[in-house]
**Student:** 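Take this structure, written in C-alpha coordinates, and hold onto it; I'll ask about it next.
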Protein chains: 2
Amino acid sequence: MFRFTALAFEYWTRHAEGVSKPAAPGIRARVRAELTEAIKTTARTHLASEGAPSLSLRAVARELEMASSAIYRYFPSREALLTALIIDAYNTVGACVEEADAGRERDDLEGRWIAIGSAVREWARANPHEYALIYGSPVPGYAAPDDTIVPATRATLVMLQLLADAIAINGAPDDTTEIPEPLRSELAAVESFADGSVPPAVAAIGLAAWAEMLGMISLELFGHLENVVYDRDAFYNHTMRATGARLLR
Amino acid sequence: MFRFTALAFEYWTRHAEGVSKPAAPGIRARVRAELTEAIKTTARTHLASEGAPSLSLRAVARELEMASSAIYRYFPSREALLTALIIDAYNTVGACVEEADAGRERDDLEGRWIAIGSAVREWARANPHEYALIYGSPVPGYAAPDDTIVPATRATLVMLQLLADAIAINGAPDDTTEIPEPLRSELAAVESFADGSVPPAVAAIGLAAWAEMLGMISLELFGHLENVVYDRDAFYNHTMRATGARLLR
DNA sequence: GTCGAAACGAGAGCACTGCTCACGTTTCAT
DNA sequence: ATGAAACGTGAGCAGTGCTCTCGTTTCGAC
(Lines give C-alpha, C1' and ligand atoms only; values in the text may rest on other atoms or scores of the structure.)
Protein backbone atom coordinates (compact mmCIF):
# COMPACT_ATOMS: atom_id res chain seq x y z
CA MET A 1 0.00 0.00 0.00
CA PHE A 2 1.48 3.27 -1.11
CA ARG A 3 -0.05 5.15 1.77
CA PHE A 4 0.98 2.65 4.36
CA THR A 5 4.48 2.53 2.95
CA ALA A 6 4.79 6.29 3.19
CA LEU A 7 3.63 6.25 6.81
CA ALA A 8 5.98 3.40 7.64
CA PHE A 9 8.80 5.47 6.14
CA GLU A 10 7.78 8.33 8.37
CA TYR A 11 7.95 6.02 11.36
CA TRP A 12 11.40 4.81 10.52
CA THR A 13 12.56 8.32 9.78
CA ARG A 14 11.44 9.41 13.20
CA HIS A 15 12.94 6.31 14.73
CA ALA A 16 16.23 7.10 13.13
CA GLU A 17 16.10 10.50 14.85
CA GLY A 18 16.38 8.72 18.18
CA VAL A 19 12.73 8.87 19.22
CA SER A 20 12.20 5.67 21.20
CA LYS A 21 8.41 5.51 20.61
CA PRO A 22 6.10 7.04 18.02
CA ALA A 23 3.80 9.78 19.24
CA ALA A 24 0.50 8.46 20.55
CA PRO A 25 -1.63 7.13 19.08
CA GLY A 26 0.56 4.58 17.33
CA ILE A 27 1.22 4.62 13.64
CA ARG A 28 -1.14 1.75 13.35
CA ALA A 29 -4.02 3.57 14.91
CA ARG A 30 -3.37 6.55 12.70
CA VAL A 31 -3.22 4.52 9.55
CA ARG A 32 -6.33 2.67 10.58
CA ALA A 33 -8.28 5.88 11.08
CA GLU A 34 -7.12 7.26 7.77
CA LEU A 35 -7.90 4.09 5.85
CA THR A 36 -11.27 3.73 7.46
CA GLU A 37 -12.05 7.25 6.31
CA ALA A 38 -10.68 6.57 2.83
CA ILE A 39 -12.86 3.49 2.49
CA LYS A 40 -15.93 5.41 3.54
CA THR A 41 -15.12 8.31 1.24
CA THR A 42 -14.60 6.02 -1.73
CA ALA A 43 -17.74 4.09 -0.90
CA ARG A 44 -19.67 7.36 -0.67
CA THR A 45 -18.59 8.39 -4.16
CA HIS A 46 -19.57 4.97 -5.51
CA LEU A 47 -22.89 5.29 -3.71
CA ALA A 48 -23.38 8.62 -5.44
CA SER A 49 -22.67 7.23 -8.87
CA GLU A 50 -24.06 3.69 -8.67
CA GLY A 51 -26.58 3.71 -5.84
CA ALA A 52 -26.68 1.66 -2.69
CA PRO A 53 -27.66 -1.72 -4.15
CA SER A 54 -24.72 -1.54 -6.55
CA LEU A 55 -22.16 -0.58 -3.92
CA SER A 56 -19.36 -3.11 -4.29
CA LEU A 57 -16.67 -3.66 -1.69
CA ARG A 58 -14.43 -5.03 -4.40
CA ALA A 59 -14.82 -1.90 -6.49
CA VAL A 60 -13.93 0.22 -3.46
CA ALA A 61 -10.90 -1.97 -2.74
CA ARG A 62 -9.82 -1.78 -6.36
CA GLU A 63 -9.93 1.99 -6.37
CA LEU A 64 -7.86 2.11 -3.18
CA GLU A 65 -5.46 -0.42 -4.68
CA MET A 66 -6.03 -2.91 -1.89
CA ALA A 67 -6.98 -6.54 -1.99
CA SER A 68 -10.72 -6.87 -1.53
CA SER A 69 -10.25 -8.96 1.61
CA ALA A 70 -8.36 -6.13 3.27
CA ILE A 71 -11.61 -4.18 3.50
CA TYR A 72 -12.85 -6.70 6.05
CA ARG A 73 -10.14 -5.60 8.42
CA TYR A 74 -11.93 -2.29 8.70
CA PHE A 75 -15.56 -3.18 8.20
CA PRO A 76 -16.69 -6.68 9.16
CA SER A 77 -19.24 -6.78 6.37
CA ARG A 78 -20.77 -4.82 3.53
CA GLU A 79 -23.66 -4.13 5.85
CA ALA A 80 -21.33 -2.61 8.42
CA LEU A 81 -19.91 -0.27 5.79
CA LEU A 82 -23.41 0.77 4.78
CA THR A 83 -24.26 1.36 8.42
CA ALA A 84 -21.26 3.64 8.75
CA LEU A 85 -22.39 5.56 5.69
CA ILE A 86 -25.88 5.84 7.16
CA ILE A 87 -24.50 7.27 10.38
CA ASP A 88 -22.42 9.74 8.42
CA ALA A 89 -25.43 10.77 6.35
CA TYR A 90 -27.55 11.37 9.44
CA ASN A 91 -24.79 13.42 11.00
CA THR A 92 -24.25 15.46 7.85
CA VAL A 93 -27.88 16.35 7.34
CA GLY A 94 -28.25 16.96 11.08
CA ALA A 95 -25.32 19.38 11.03
CA CYS A 96 -26.80 21.17 7.99
CA VAL A 97 -30.12 21.58 9.76
CA GLU A 98 -28.53 22.74 13.00
CA GLU A 99 -26.44 25.29 11.14
CA ALA A 100 -29.39 26.56 9.09
CA ASP A 101 -31.48 26.95 12.22
CA ALA A 102 -28.66 28.65 14.10
CA GLY A 103 -28.34 31.20 11.30
CA ARG A 104 -31.73 32.70 12.20
CA GLU A 105 -32.82 34.78 15.15
CA ARG A 106 -34.30 32.57 17.88
CA ASP A 107 -37.62 34.39 17.67
CA ASP A 108 -37.82 34.26 13.88
CA LEU A 109 -39.95 31.13 14.02
CA GLU A 110 -41.08 31.09 10.41
CA GLY A 111 -37.58 31.88 9.21
CA ARG A 112 -36.17 29.00 11.16
CA TRP A 113 -38.79 26.57 9.85
CA ILE A 114 -38.12 27.63 6.28
CA ALA A 115 -34.37 27.41 6.86
CA ILE A 116 -34.70 23.92 8.34
CA GLY A 117 -36.86 22.74 5.44
CA SER A 118 -34.54 24.28 2.87
CA ALA A 119 -31.48 22.76 4.47
CA VAL A 120 -32.95 19.26 4.33
CA ARG A 121 -34.07 19.63 0.73
CA GLU A 122 -30.85 21.18 -0.48
CA TRP A 123 -28.80 18.48 1.16
CA ALA A 124 -31.09 15.81 -0.21
CA ARG A 125 -30.90 17.17 -3.72
CA ALA A 126 -27.13 17.39 -3.52
CA ASN A 127 -26.87 13.89 -2.03
CA PRO A 128 -29.85 11.92 -3.34
CA HIS A 129 -28.40 8.51 -2.68
CA GLU A 130 -27.51 9.36 0.88
CA TYR A 131 -31.00 10.74 1.35
CA ALA A 132 -32.38 7.49 -0.05
CA LEU A 133 -30.12 5.54 2.25
CA ILE A 134 -31.55 7.14 5.38
CA TYR A 135 -35.08 8.16 4.43
CA GLY A 136 -35.79 5.76 1.60
CA SER A 137 -36.29 2.01 1.61
CA PRO A 138 -34.30 0.33 4.36
CA VAL A 139 -31.29 -1.67 3.27
CA PRO A 140 -32.16 -5.38 3.65
CA GLY A 141 -31.10 -7.02 6.83
CA TYR A 142 -30.39 -3.66 8.31
CA ALA A 143 -31.58 -3.07 11.84
CA ALA A 144 -30.71 0.26 13.28
CA PRO A 145 -27.83 -0.33 15.64
CA ASP A 146 -27.71 1.74 18.78
CA ASP A 147 -25.07 4.03 17.39
CA THR A 148 -27.40 5.34 14.68
CA ILE A 149 -30.05 6.54 17.10
CA VAL A 150 -28.45 9.79 18.18
CA PRO A 151 -27.34 10.84 14.68
CA ALA A 152 -30.76 9.90 13.31
CA THR A 153 -32.52 12.28 15.65
CA ARG A 154 -30.29 15.32 15.20
CA ALA A 155 -32.35 16.91 12.42
CA THR A 156 -35.68 16.08 14.00
CA LEU A 157 -34.63 17.51 17.34
CA VAL A 158 -33.98 20.87 15.73
CA MET A 159 -37.56 20.98 14.56
CA LEU A 160 -38.77 19.86 17.94
CA GLN A 161 -36.83 22.63 19.64
CA LEU A 162 -38.42 25.05 17.21
CA LEU A 163 -41.84 23.86 18.36
CA ALA A 164 -40.88 24.33 22.01
CA ASP A 165 -39.58 27.82 21.26
CA ALA A 166 -42.82 28.66 19.46
CA ILE A 167 -44.78 27.60 22.53
CA ALA A 168 -42.50 29.67 24.75
CA ILE A 169 -43.00 32.74 22.54
CA ASN A 170 -46.65 32.40 21.51
CA GLY A 171 -48.06 30.25 24.25
CA ALA A 172 -49.80 26.96 23.69
CA PRO A 173 -52.31 26.96 20.82
CA ASP A 174 -56.00 26.44 21.47
CA ASP A 175 -56.15 22.97 20.10
CA THR A 176 -58.97 20.99 21.55
CA THR A 177 -58.56 17.96 19.34
CA GLU A 178 -59.08 14.81 21.34
CA ILE A 179 -56.10 12.52 21.30
CA PRO A 180 -56.79 9.04 22.61
CA GLU A 181 -54.58 7.08 24.98
CA PRO A 182 -52.05 5.63 24.71
CA LEU A 183 -51.12 7.95 21.85
CA ARG A 184 -51.55 11.02 24.05
CA SER A 185 -49.02 9.76 26.58
CA GLU A 186 -46.59 8.79 23.84
CA LEU A 187 -46.79 12.25 22.29
CA ALA A 188 -46.50 13.83 25.71
CA ALA A 189 -43.17 12.05 26.16
CA VAL A 190 -41.79 13.72 23.03
CA GLU A 191 -41.20 17.01 24.81
CA SER A 192 -38.59 15.38 27.03
CA PHE A 193 -36.31 15.72 24.01
CA ALA A 194 -36.73 19.48 23.90
CA ASP A 195 -35.84 22.36 26.15
CA GLY A 196 -39.31 23.56 26.94
CA SER A 197 -42.89 22.46 26.56
CA VAL A 198 -44.40 20.58 23.62
CA PRO A 199 -47.99 19.53 24.29
CA PRO A 200 -49.19 16.28 22.68
CA ALA A 201 -51.30 17.99 20.03
CA VAL A 202 -48.33 20.10 18.97
CA ALA A 203 -46.03 17.09 18.91
CA ALA A 204 -48.50 15.32 16.63
CA ILE A 205 -48.70 18.28 14.26
CA GLY A 206 -44.91 18.59 14.31
CA LEU A 207 -44.34 14.95 13.45
CA ALA A 208 -46.93 15.15 10.69
CA ALA A 209 -45.23 18.28 9.34
CA TRP A 210 -41.93 16.43 9.36
CA ALA A 211 -43.56 13.57 7.50
CA GLU A 212 -44.97 16.01 4.97
CA MET A 213 -41.60 17.64 4.44
CA LEU A 214 -39.86 14.31 3.91
CA GLY A 215 -42.79 13.15 1.79
CA MET A 216 -42.42 16.21 -0.44
CA ILE A 217 -38.70 15.62 -0.87
CA SER A 218 -39.17 11.92 -1.55
CA LEU A 219 -41.89 12.59 -4.12
CA GLU A 220 -39.49 14.93 -5.85
CA LEU A 221 -36.32 12.90 -5.61
CA PHE A 222 -37.92 9.53 -6.28
CA GLY A 223 -39.54 10.71 -9.50
CA HIS A 224 -43.20 11.13 -8.57
CA LEU A 225 -43.51 14.76 -9.61
CA GLU A 226 -42.46 14.06 -13.18
CA ASN A 227 -44.86 15.55 -15.70
CA VAL A 228 -46.84 17.19 -12.89
CA VAL A 229 -44.77 19.88 -11.22
CA TYR A 230 -41.69 21.36 -12.82
CA ASP A 231 -41.33 24.46 -10.64
CA ARG A 232 -40.12 22.35 -7.76
CA ASP A 233 -38.56 25.15 -5.73
CA ALA A 234 -41.77 27.17 -5.75
CA PHE A 235 -43.93 24.19 -4.89
CA TYR A 236 -41.75 23.17 -1.97
CA ASN A 237 -41.49 26.70 -0.62
CA HIS A 238 -45.23 27.26 -0.99
CA THR A 239 -45.97 24.12 0.92
CA MET A 240 -43.43 24.76 3.64
CA ARG A 241 -44.80 28.24 4.18
CA ALA A 242 -48.34 26.98 4.52
CA THR A 243 -47.24 24.26 6.90
CA GLY A 244 -45.14 26.67 8.93
CA ALA A 245 -48.11 28.98 9.32
CA ARG A 246 -50.17 26.13 10.80
CA LEU A 247 -47.36 24.76 12.88
CA LEU A 248 -46.14 27.94 14.50
CA ARG A 249 -49.22 30.06 14.91
CA MET B 1 -41.22 -28.82 -16.83
CA PHE B 2 -44.05 -30.50 -15.05
CA ARG B 3 -46.56 -27.83 -15.92
CA PHE B 4 -45.55 -27.59 -19.51
CA THR B 5 -45.62 -31.32 -19.86
CA ALA B 6 -49.14 -31.44 -18.50
CA LEU B 7 -50.28 -28.82 -20.97
CA ALA B 8 -48.58 -30.60 -23.83
CA PHE B 9 -50.41 -33.75 -22.80
CA GLU B 10 -53.65 -31.85 -22.92
CA TYR B 11 -52.82 -30.72 -26.42
CA TRP B 12 -52.13 -34.20 -27.64
CA THR B 13 -55.21 -35.52 -25.91
CA ARG B 14 -57.32 -33.01 -27.74
CA HIS B 15 -55.51 -33.71 -30.96
CA ALA B 16 -56.23 -37.35 -30.61
CA GLU B 17 -59.91 -36.49 -30.42
CA GLY B 18 -59.74 -35.30 -34.00
CA VAL B 19 -59.46 -31.55 -33.36
CA SER B 20 -57.17 -30.34 -36.10
CA LYS B 21 -56.04 -27.20 -34.25
CA PRO B 22 -55.88 -26.19 -30.61
CA ALA B 23 -58.30 -23.50 -29.48
CA ALA B 24 -56.94 -19.95 -29.86
CA PRO B 25 -54.74 -18.71 -28.47
CA GLY B 26 -52.20 -21.47 -29.03
CA ILE B 27 -50.90 -23.67 -26.28
CA ARG B 28 -47.74 -21.75 -26.43
CA ALA B 29 -49.36 -18.43 -25.74
CA ARG B 30 -51.29 -19.94 -22.87
CA VAL B 31 -48.25 -21.49 -21.30
CA ARG B 32 -46.36 -18.29 -21.79
CA ALA B 33 -48.99 -16.25 -19.97
CA GLU B 34 -49.14 -18.76 -17.14
CA LEU B 35 -45.38 -18.96 -16.75
CA THR B 36 -44.99 -15.22 -16.88
CA GLU B 37 -47.49 -15.00 -14.06
CA ALA B 38 -45.80 -17.78 -12.12
CA ILE B 39 -42.46 -16.03 -12.40
CA LYS B 40 -43.94 -12.78 -11.17
CA THR B 41 -45.75 -14.49 -8.32
CA THR B 42 -42.63 -16.31 -7.19
CA ALA B 43 -40.59 -13.16 -7.51
CA ARG B 44 -43.17 -11.29 -5.44
CA THR B 45 -42.92 -13.80 -2.61
CA HIS B 46 -39.12 -13.57 -2.71
CA LEU B 47 -39.43 -9.79 -2.70
CA ALA B 48 -41.60 -10.09 0.40
CA SER B 49 -39.14 -12.28 2.23
CA GLU B 50 -35.78 -10.99 1.00
CA GLY B 51 -36.39 -7.46 -0.25
CA ALA B 52 -35.82 -5.99 -3.66
CA PRO B 53 -32.01 -5.79 -3.64
CA SER B 54 -31.83 -9.49 -2.79
CA LEU B 55 -34.26 -10.60 -5.47
CA SER B 56 -32.46 -13.30 -7.41
CA LEU B 57 -33.59 -14.55 -10.81
CA ARG B 58 -31.74 -17.77 -10.16
CA ALA B 59 -33.62 -18.32 -6.90
CA VAL B 60 -36.91 -17.73 -8.72
CA ALA B 61 -35.90 -20.14 -11.49
CA ARG B 62 -34.82 -22.72 -8.92
CA GLU B 63 -38.15 -22.58 -7.14
CA LEU B 64 -39.99 -23.03 -10.46
CA GLU B 65 -37.63 -25.88 -11.36
CA MET B 66 -36.45 -24.14 -14.48
CA ALA B 67 -32.98 -23.38 -15.71
CA SER B 68 -32.04 -19.85 -14.73
CA SER B 69 -31.55 -18.83 -18.35
CA ALA B 70 -35.15 -19.76 -19.14
CA ILE B 71 -36.29 -16.73 -17.17
CA TYR B 72 -34.79 -14.54 -19.89
CA ARG B 73 -37.31 -15.92 -22.32
CA TYR B 74 -39.99 -14.12 -20.35
CA PHE B 75 -38.21 -11.08 -18.93
CA PRO B 76 -35.24 -9.69 -20.83
CA SER B 77 -33.50 -8.68 -17.65
CA ARG B 78 -33.78 -8.57 -13.90
CA GLU B 79 -34.72 -4.92 -14.30
CA ALA B 80 -37.60 -5.84 -16.58
CA LEU B 81 -38.93 -8.26 -13.98
CA LEU B 82 -38.71 -5.58 -11.32
CA THR B 83 -40.52 -3.18 -13.63
CA ALA B 84 -43.32 -5.70 -14.05
CA LEU B 85 -43.56 -6.03 -10.29
CA ILE B 86 -43.65 -2.25 -9.95
CA ILE B 87 -46.52 -2.03 -12.42
CA ASP B 88 -48.38 -4.74 -10.56
CA ALA B 89 -47.83 -2.96 -7.25
CA TYR B 90 -49.16 0.33 -8.60
CA ASN B 91 -52.20 -1.43 -10.02
CA THR B 92 -52.87 -3.30 -6.80
CA VAL B 93 -52.70 -0.26 -4.55
CA GLY B 94 -54.65 1.73 -7.12
CA ALA B 95 -57.40 -0.85 -7.14
CA CYS B 96 -57.48 -0.91 -3.33
CA VAL B 97 -57.85 2.86 -3.24
CA GLU B 98 -60.53 2.90 -5.92
CA GLU B 99 -62.48 0.23 -4.11
CA ALA B 100 -62.19 1.95 -0.75
CA ASP B 101 -63.35 5.22 -2.23
CA ALA B 102 -66.21 3.56 -4.08
CA GLY B 103 -67.44 2.04 -0.82
CA ARG B 104 -68.42 5.46 0.50
CA GLU B 105 -71.23 7.77 -0.50
CA ARG B 106 -70.04 10.33 -3.07
CA ASP B 107 -70.88 13.20 -0.76
CA ASP B 108 -69.20 11.68 2.30
CA LEU B 109 -66.04 13.61 1.63
CA GLU B 110 -64.31 12.99 4.96
CA GLY B 111 -65.26 9.33 4.86
CA ARG B 112 -63.76 8.93 1.44
CA TRP B 113 -60.53 10.66 2.43
CA ILE B 114 -60.19 8.46 5.49
CA ALA B 115 -61.01 5.38 3.42
CA ILE B 116 -58.42 6.31 0.81
CA GLY B 117 -55.75 6.94 3.43
CA SER B 118 -56.57 3.72 5.26
CA ALA B 119 -56.49 1.69 2.08
CA VAL B 120 -53.02 2.91 1.19
CA ARG B 121 -51.67 2.33 4.68
CA GLU B 122 -53.24 -1.11 5.06
CA TRP B 123 -51.93 -2.23 1.71
CA ALA B 124 -48.49 -0.81 2.51
CA ARG B 125 -48.37 -2.57 5.87
CA ALA B 126 -49.43 -5.84 4.29
CA ASN B 127 -46.95 -5.43 1.43
CA PRO B 128 -44.06 -3.36 2.77
CA HIS B 129 -41.58 -4.39 0.13
CA GLU B 130 -43.94 -3.58 -2.69
CA TYR B 131 -44.63 -0.24 -1.05
CA ALA B 132 -40.88 0.33 -0.86
CA LEU B 133 -40.54 -0.67 -4.49
CA ILE B 134 -42.91 2.03 -5.69
CA TYR B 135 -42.69 4.78 -3.06
CA GLY B 136 -39.26 4.10 -1.60
CA SER B 137 -35.82 4.52 -3.09
CA PRO B 138 -35.85 3.97 -6.84
CA VAL B 139 -34.26 0.79 -8.09
CA PRO B 140 -30.92 1.72 -9.71
CA GLY B 141 -30.95 2.20 -13.43
CA TYR B 142 -34.70 2.27 -13.35
CA ALA B 143 -36.39 4.91 -15.44
CA ALA B 144 -40.14 4.79 -15.40
CA PRO B 145 -41.16 3.24 -18.70
CA ASP B 146 -44.29 4.57 -20.33
CA ASP B 147 -46.31 1.59 -19.21
CA THR B 148 -45.91 2.49 -15.54
CA ILE B 149 -47.38 5.97 -15.88
CA VAL B 150 -51.05 5.04 -15.93
CA PRO B 151 -50.83 2.50 -13.10
CA ALA B 152 -48.72 4.94 -11.06
CA THR B 153 -51.43 7.56 -11.16
CA ARG B 154 -54.43 5.39 -10.31
CA ALA B 155 -54.29 5.99 -6.58
CA THR B 156 -53.48 9.68 -6.87
CA LEU B 157 -56.30 10.26 -9.31
CA VAL B 158 -58.81 8.97 -6.77
CA MET B 159 -57.67 11.65 -4.35
CA LEU B 160 -57.77 14.25 -7.08
CA GLN B 161 -61.34 13.31 -7.95
CA LEU B 162 -62.20 13.64 -4.28
CA LEU B 163 -60.88 17.19 -4.37
CA ALA B 164 -62.96 17.99 -7.44
CA ASP B 165 -66.04 16.52 -5.80
CA ALA B 166 -65.38 18.59 -2.68
CA ILE B 167 -65.27 21.71 -4.83
CA ALA B 168 -68.49 20.72 -6.58
CA ILE B 169 -70.24 20.18 -3.22
CA ASN B 170 -68.75 22.96 -1.07
CA GLY B 171 -67.64 25.46 -3.67
CA ALA B 172 -64.10 26.73 -4.02
CA PRO B 173 -62.42 27.66 -0.74
CA ASP B 174 -61.46 31.24 0.02
CA ASP B 175 -57.78 30.73 -0.39
CA THR B 176 -55.98 33.88 -1.33
CA THR B 177 -52.49 32.51 -1.10
CA GLU B 178 -50.38 33.84 -3.91
CA ILE B 179 -48.94 31.15 -6.13
CA PRO B 180 -46.22 32.36 -8.48
CA GLU B 181 -45.89 31.43 -12.13
CA PRO B 182 -45.02 29.06 -13.59
CA LEU B 183 -46.14 26.95 -10.63
CA ARG B 184 -49.68 28.36 -10.82
CA SER B 185 -50.09 27.22 -14.43
CA GLU B 186 -48.65 23.80 -13.65
CA LEU B 187 -51.06 23.32 -10.77
CA ALA B 188 -53.91 24.62 -12.91
CA ALA B 189 -53.20 21.84 -15.38
CA VAL B 190 -53.72 19.19 -12.69
CA GLU B 191 -57.50 19.50 -12.87
CA SER B 192 -57.47 18.15 -16.40
CA PHE B 193 -57.05 14.76 -14.74
CA ALA B 194 -60.27 15.09 -12.78
CA ASP B 195 -63.91 15.35 -13.65
CA GLY B 196 -64.58 18.81 -12.32
CA SER B 197 -62.71 21.84 -11.10
CA VAL B 198 -59.52 21.84 -9.00
CA PRO B 199 -58.11 25.35 -8.58
CA PRO B 200 -54.32 25.66 -8.30
CA ALA B 201 -54.34 26.35 -4.56
CA VAL B 202 -56.41 23.24 -3.95
CA ALA B 203 -54.18 21.15 -6.16
CA ALA B 204 -51.17 22.31 -4.17
CA ILE B 205 -52.82 21.44 -0.86
CA GLY B 206 -53.91 18.09 -2.27
CA LEU B 207 -50.45 17.16 -3.47
CA ALA B 208 -48.97 18.22 -0.15
CA ALA B 209 -51.57 16.13 1.67
CA TRP B 210 -50.62 13.17 -0.50
CA ALA B 211 -46.97 13.78 0.33
CA GLU B 212 -47.85 13.91 4.02
CA MET B 213 -49.79 10.66 3.82
CA LEU B 214 -46.98 8.85 2.06
CA GLY B 215 -44.48 10.50 4.39
CA MET B 216 -46.39 9.18 7.40
CA ILE B 217 -46.46 5.67 5.99
CA SER B 218 -42.80 5.75 5.06
CA LEU B 219 -41.79 7.03 8.49
CA GLU B 220 -43.70 4.12 9.98
CA LEU B 221 -42.65 1.38 7.61
CA PHE B 222 -39.04 2.47 7.26
CA GLY B 223 -38.48 2.47 11.00
CA HIS B 224 -38.45 6.15 11.91
CA LEU B 225 -41.21 5.99 14.51
CA GLU B 226 -39.37 3.42 16.61
CA ASN B 227 -39.19 4.44 20.27
CA VAL B 228 -41.36 7.50 19.54
CA VAL B 229 -44.87 6.44 18.58
CA TYR B 230 -46.19 2.98 19.32
CA ASP B 231 -49.91 3.66 18.82
CA ARG B 232 -49.44 3.88 15.09
CA ASP B 233 -53.07 3.41 14.10
CA ALA B 234 -54.20 6.27 16.31
CA PHE B 235 -51.42 8.57 15.14
CA TYR B 236 -52.14 7.94 11.49
CA ASN B 237 -55.89 8.34 11.91
CA HIS B 238 -55.47 11.50 13.97
CA THR B 239 -53.26 13.03 11.30
CA MET B 240 -55.46 11.98 8.40
CA ARG B 241 -58.50 13.46 10.11
CA ALA B 242 -56.76 16.78 10.69
CA THR B 243 -55.51 16.87 7.11
CA GLY B 244 -58.91 15.91 5.74
CA ALA B 245 -60.52 18.74 7.66
CA ARG B 246 -58.16 21.23 6.04
CA LEU B 247 -58.32 19.65 2.64
CA LEU B 248 -62.03 19.33 2.28
CA ARG B 249 -63.48 22.29 4.14
C1' DG C 1 16.06 -5.26 23.38
C1' DT C 2 13.23 -9.49 23.04
C1' DC C 3 9.11 -11.92 22.49
C1' DG C 4 4.46 -13.15 21.64
C1' DA C 5 0.07 -11.46 20.27
C1' DA C 6 -2.67 -8.67 17.51
C1' DA C 7 -3.27 -6.28 13.39
C1' DC C 8 -2.51 -6.12 8.69
C1' DG C 9 -2.10 -7.10 3.29
C1' DA C 10 -2.36 -10.27 -0.07
C1' DG C 11 -3.80 -14.13 -2.76
C1' DA C 12 -6.44 -18.32 -3.40
C1' DG C 13 -10.71 -20.10 -3.19
C1' DC C 14 -15.82 -20.84 -2.50
C1' DA C 15 -20.65 -20.17 -3.45
C1' DC C 16 -23.42 -17.21 -5.39
C1' DT C 17 -25.15 -13.67 -8.90
C1' DG C 18 -26.90 -11.84 -13.87
C1' DC C 19 -26.41 -12.87 -18.26
C1' DT C 20 -24.92 -14.96 -23.00
C1' DC C 21 -24.62 -18.58 -26.11
C1' DA C 22 -25.21 -22.92 -28.57
C1' DC C 23 -27.91 -26.84 -29.26
C1' DG C 24 -31.79 -29.89 -29.36
C1' DT C 25 -36.89 -29.86 -28.94
C1' DT C 26 -41.53 -28.09 -29.53
C1' DT C 27 -45.10 -25.21 -31.51
C1' DC C 28 -47.02 -22.65 -35.17
C1' DA C 29 -48.13 -20.67 -39.65
C1' DT C 30 -47.79 -21.50 -44.41
C1' DA D 1 -44.61 -31.47 -44.64
C1' DT D 2 -41.48 -27.60 -43.81
C1' DG D 3 -39.03 -23.79 -41.98
C1' DA D 4 -39.02 -20.34 -38.54
C1' DA D 5 -39.82 -18.84 -34.02
C1' DA D 6 -40.19 -19.99 -29.37
C1' DC D 7 -38.61 -22.67 -25.80
C1' DG D 8 -35.65 -25.40 -22.10
C1' DT D 9 -31.29 -26.65 -20.98
C1' DG D 10 -26.50 -26.69 -19.69
C1' DA D 11 -21.97 -24.69 -20.03
C1' DG D 12 -19.57 -20.78 -19.36
C1' DC D 13 -18.11 -15.91 -18.27
C1' DA D 14 -17.31 -12.00 -15.32
C1' DG D 15 -18.64 -10.23 -11.39
C1' DT D 16 -20.01 -10.27 -6.25
C1' DG D 17 -19.33 -10.94 -0.74
C1' DC D 18 -16.81 -13.39 2.13
C1' DT D 19 -13.44 -16.90 4.41
C1' DC D 20 -9.06 -18.64 5.15
C1' DT D 21 -4.07 -19.09 5.28
C1' DC D 22 0.37 -17.24 5.38
C1' DG D 23 3.94 -13.94 5.77
C1' DT D 24 4.84 -9.24 7.54
C1' DT D 25 4.46 -5.37 10.65
C1' DT D 26 3.27 -3.04 14.88
C1' DC D 27 2.62 -2.96 19.66
C1' DG D 28 2.73 -3.76 24.60
C1' DA D 29 4.67 -6.30 28.33
C1' DC D 30 8.66 -7.81 30.37
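Per chain, numbering begins at 1; letters A, B, ... match sequence-line order.
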**Student:** So, using side chain to side chain contact (heavy atoms under 4.5 Å, CB included) as the criterion, who are the partners of A/Gln161 when residues are at least two apart?
**Tutor:** A/Ala164, A/Asp165, A/Ala194, A/Asp195
**Student:** Within the distance-only criterion (no hydrogens, no angle test), does the side chain of B/Glu186 pair as donor or acceptor with the backbone N or O of A/Val229 below 3.5 angstrom?
**Tutor:** no
**Student:** Considering every strand and a 4.0 Å limit on heavy-atom distances, what is the contact class for A/Tyr74: base, sugar-phosphate, or nothing?
**Tutor:** sugar-phosphate
**Student:** Take atom CZ in B/Phe193; do more than 12 heavy atoms of anything else shown fall under 6.0 Å from it?
**Tutor:** no
**Student:** How close or far is atom P of C/dA10 from atom CD1 of A/Ile71, stated in whole angstroms?
**Tutor:** 10 Å
**Student:** Nearest whole Å is fine: how far is C/dG9 P from A/Phe75 CZ?
**Tutor:** 13 Å
**Student:** Quick check for you: among C/dA22, D/dT26, C/dG9, whose closest atom lies nearest to any side-chain atom of B/Arg73?
**Tutor:** C/dA22
**Student:** Axis-to-axis angle across the helix from C/dG1-D/dC30 to C/dT30-D/dA1, five pairs an end, to 10 degrees?
**Tutor:** 20°
**Student:** Give every residue pair that meets the salt bridge (charged side-chain N to carboxylate O under 4.0 Å, His left out) criterion with at least one member in residues 80-90 of chain A, sequence neighbours excluded.
**Tutor:** A/Lys40-A/Asp88, A/Arg44-A/Asp88
**Student:** By nearest heavy atom, map B/Ser77 and B/Ala29 onto DNA chain C; which one lands nearer the 5' end?
**Tutor:** B/Ser77
**Student:** Please encode protein proximity along nucleotides 12-17 of chain C as a string of B, S and -, counting only heavy-atom distances under 4.0 Å.
**Tutor:** -B---B
**Student:** Could you state the CG-P distance from B/Leu64 to D/dT9, rounded to the nearest angstrom?
**Tutor:** 11 Å
**Student:** Please examine the side chains of A/Ile217 and A/Phe222, heavy atoms only from C-beta on, and report whether any two atoms are closer than 4.5 Å.
**Tutor:** no
**Student:** Report the distance from atom CD1 of A/Ile27 to atom P of C/dA6, rounded to the nearest whole Å.
**Tutor:** 22 Å
**Student:** Please report, rounded to the nearest Å, how far the C1' atom of C/dA7 is from the CE atom of A/Met66.
**Tutor:** 13 Å
**Student:** Could you state the OH-C1' distance from A/Tyr72 to C/dC8, rounded to the nearest angstrom?
**Tutor:** 16 Å
**Student:** Among residues at least two apart in sequence or on other chains, which ones pass side chain to side chain contact (heavy atoms under 4.5 Å, CB included) with B/Thr156?
**Tutor:** B/Met159, B/Trp210
**Student:** Output the rounded distance in Å from CZ (A/Arg32) to C1' (D/dT25).
**Tutor:** 15 Å
**Student:** For A/Tyr236, does the six-membered ring have the charged nitrogen or CZ of A/Arg121 within the cation-pi criterion, i.e. under 6.0 angstrom from the centroid and within 45° of the normal?
**Tutor:** yes
**Student:** Does a salt bridge link A/Glu226 with A/Arg232, judged by any charged N lying under 4.0 Å from a carboxylate O?
**Tutor:** yes
**Student:** My understanding is that only residues two or more places apart in sequence, or in another chain, count here; which of them pass side chain to side chain contact (heavy atoms under 4.5 Å, CB included) with A/Arg73?
**Tutor:** none
**Student:** Does A/Arg28 make a side-chain N or O approach to OP1 or OP2 of C/dC8 shorter than 4.0 Å?
**Tutor:** no
**Student:** Nearest whole Å is fine: how far is D/dT16 P from A/His46 NE2?
**Tutor:** 11 Å
